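Below is one structure; the comments refer to it alone.
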Amino acid sequence: MNRREFAQMLALGAAAGLMLDSPFAATPDSNFYELPRFGNVSLLHFTDCHAQLLPIYFREPNVNLGVAQASKQPPHLVGEALLKHFGIPARSRDAYAFTYLDFNHAAQVYGRVGGFAHLATLIKRIKASRPGALVLDGGDTWQGSGTSLWTKGQDMVDACKLLGVDIMTGHWEFTLGAERVKQLVDNDLKGKIDFVAQNVKTNDFGDQVFKPYVIRQINGVAVAIIGQAFPYTPIANPRYMIPDWSFGIQDESMQQVVDEVRSKGAQAVIVLSHNGMDVDLKMASRVHGIDAIMGGHTHDGVPAPTIVRNRGGQTLVTNAGSNGKFLAVLDLDVKGGKVTDYRYKLLPVFANLLPADPAMDTLINKIRAPYEGKLNEHLATTEGLLYRRGNFNGTFDQLILDALLAVKDAEIAFSPGFRWGTTLMPGQPILMENVLDQTAITYPYTTVTEMTGDTIKTILEDVCDNLFNPDPYYQQGGDMVRVGGLQYTCTPSAKAGDRISEMHLNGKALEAGKKYKVAGWAPVSEEAKSTGGEPIWDLAAKYLRDQKVIKPRALNLPKLKGVEGNPGIA
């Protein structure tokens with residue numbers, strides 16, 4: 001950062017009400033990305049970038065509840081509890097990157113994060129001191145933006161090839177449809193990026209759809225990378241998009257693959273996973289012979305690995321955040337045919353500390369050029385912080401709910417508990433691009449349905465069990481469905497079927513047999529594809545154009561019971 005840019009940064013801080021002696025007004029750290037080399041095998045990992053090619057703001061959650069054995073353990077720590085657990089100084093760069101604390105002020109000082117041009121610069125810097133280092137992409141890469149939707153993932157494939165990705169696995173990639181995924185894997189990625197997934201097989205004969213693993217030589221060390229795609233893709237997303245493929249966790253199959261690569265001489269075994277961290281932690285306890293699971297899906301930025309003991313020794317479990325915000329660096333020291341030591345660092349990607357890589361910058365501009373007019377349409381201006389992330393709701397989610405209620409003239413609205421979606425600062429314009437960052441999926445249809453009170457409770461209970469089942473292997477999706485209009489009480493630690501209570505609409509108890517008008521979007525059934533209404537981005541854009549100025553959103557949150565003292569809520 002040069003002197004002029006630093007002065008601009010301080011001016012932004014002053015505009016946000018910060019004094020120059022504020023603890024946030026820290027000078028840029030020129031040594032922030034100096035990472036001494038260690039060992040003889042290095043792996044660079046990013047995950048869940050959700051097609052974000054440009055630097056963004058992204059607020060971490062203030063609610064990430066863990067239940068049963070996951071309670072009070074990473075990744076279910078937020079805010080000050082996370083800082084304390086990992087020894088991160090308050091109001092530091094890392095505190096801004098890893099928590100929601102003082103987000104508005106910290107964002108003004110430390111700026112945007114991510115962006116493929118800045119990530120490319122960081123990768124080149126790290127690889128310069130680590131010959132043979134592999135770049136691993138944990139998936140959820142080809143979905144999440146307007147350009148990825150319109151190009152059917154081609155923009156991200158091209159960007160990842162230029163970034164130097166070596167190996168990847170998937171989840172939202174599959175929502176492009178089986179034909180498109182195979183087309184990209186068999187043509188665009190061939191000879192450049194290995195797409196691995198040991199748990200994706202054909203329904204008929206159980207044949208592997210993709211390579212289950214690859215073994216690469218790094219400085220004379222045989223390193224196996226095993227792929228684990230999101231196991232519940234056909235449940236969380238439309239089955240009709242991948243009708244001939246089966247998924248699942250498949251522990252037994254994973255153990256067989258681990259044993260196979262060991263028999264072929266692998267001295268280090270890494271699982272590139274899109275299970276979600278809680279599932280990875282359980283898998284690490286059940287499958288032996290894995291040195292590290294480098295995970296994604298739950299978007300948890302976890303500064304240090306969790307060490308899981310198993311009958312084969314130990315496995316490191318990591319999770320590298322989302323939205324291109326972090327780059328994980330795992331250095332292994334392999335001696336005598338096994339991993340003897342390691343170092344791990346999860347590096348936040350600060351756009352104002354890393355110059356844009358010229359080649360990547362040129363590619364991004366080329367990708368965006370045909371769509372700039374559409375992306376930059378000014379829909380409204382926000383007066384409050386708009387974000388998505390957290391177990392129950394976010395202000396951008398609330399905005400979508402409010403739009404559904406208004407445009408569909410509904411009594412109740414449901415919006416999926418997606419974790420992806422960028423953040424807008426107070427005073428920023430809401431562009432069409434920002435709406436697409438929250439909604440760009442291949443099944444965007446809006447719906448209006450008559451539902452009984454009993455059906456509504458069943459839906460809420462089912463989604464709640466997916467989130468708070470004490471067995472991670474039964475946690476099948478994202479966060480809790482976002483709810484508009486309806487108030488309810490949630491007891492996360494209760495048993496299945498008893499977590500939702502006290503449902504009220506306009507101050508009156510919901511009646512089990514009465515029908516209510518419910519609006520929603522992103523239905524997974526094939527029937528809804530033909531009967532659904534306009535895409536959610538068109539509905540949201542209409543609402544925003546009419547509103548013009550978006551006042552700060554008041555979140556419709558459930559009343560929570562039994563969470564007192566839980567460090568996953570602040």
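Note that this is a predicted model, so its numbers are computed, not measured.
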Donor-acceptor contact present, side-chain Asn64 to main-chain Pro75, <3.5 Å: yes
Beyond-backbone contact of Trp420 with Ile441, side-chain heavy atoms, under 4.5 angstrom: yes
With sequence neighbours excluded, residues passing side chain to side chain donor-acceptor pair (under 3.5 Å) with Gln476: none
Approximate separation, where rounding is to 0.5 Å, of Leu44 CG and Lys345 NZ: 15.0 Å
Side-chain heavy-atom pair Arg37, Asp331 within 4.5 angstrom cut-off: no
Test item: side-chain donor near acceptor, Asn199 and Ser253, under 3.5 Å: no
Side chains of Phe116 and Ile367 in contact at under 4.5 Å (non-hydrogen atoms): no
Pair listing, side-chain hydrogen bond (donor to acceptor under 3.5 Å, both in side chains) test, anchored in residues 118-128, at least two apart: Lys124-Asp357
Residues in side chain to side chain donor-acceptor pair (under 3.5 Å) contact with Arg216, at least two apart in sequence or another chain: Asp194
Residues that Arg343 engages under side chain to side chain donor-acceptor pair (under 3.5 Å), provided they are two or more places apart: Asp341
Test item: side-chain donor near acceptor, Asp48 and His299, under 3.5 Å: yes
Flag side-chain contact, heavy atom, 4.5 Å: Val209 against Thr202: yes
With a 3.5 Å cut-off and sequence neighbours excluded, list the donor-acceptor pairs that the side chains of residues 218-227 form with protein atoms.
residue	atom	partner	partner atom	Å
Asn219	ND2	Asn40	O	2.9
Asn219	ND2	Pro131	O	3.2

Carboxylate-amine/guanidinium contact Lys282 Asp471, below 4.0 Å: yes
Side chain proximity check, Phe98 to Leu346, heavy atoms < 4.5 angstrom: yes
All side chain to side chain donor-acceptor pair (under 3.5 Å) counterparts of Asn466, not counting sequence neighbours: none
Modelled atom types, side-chain donor and acceptor of His76 and Asn566, under 3.5 Å: no
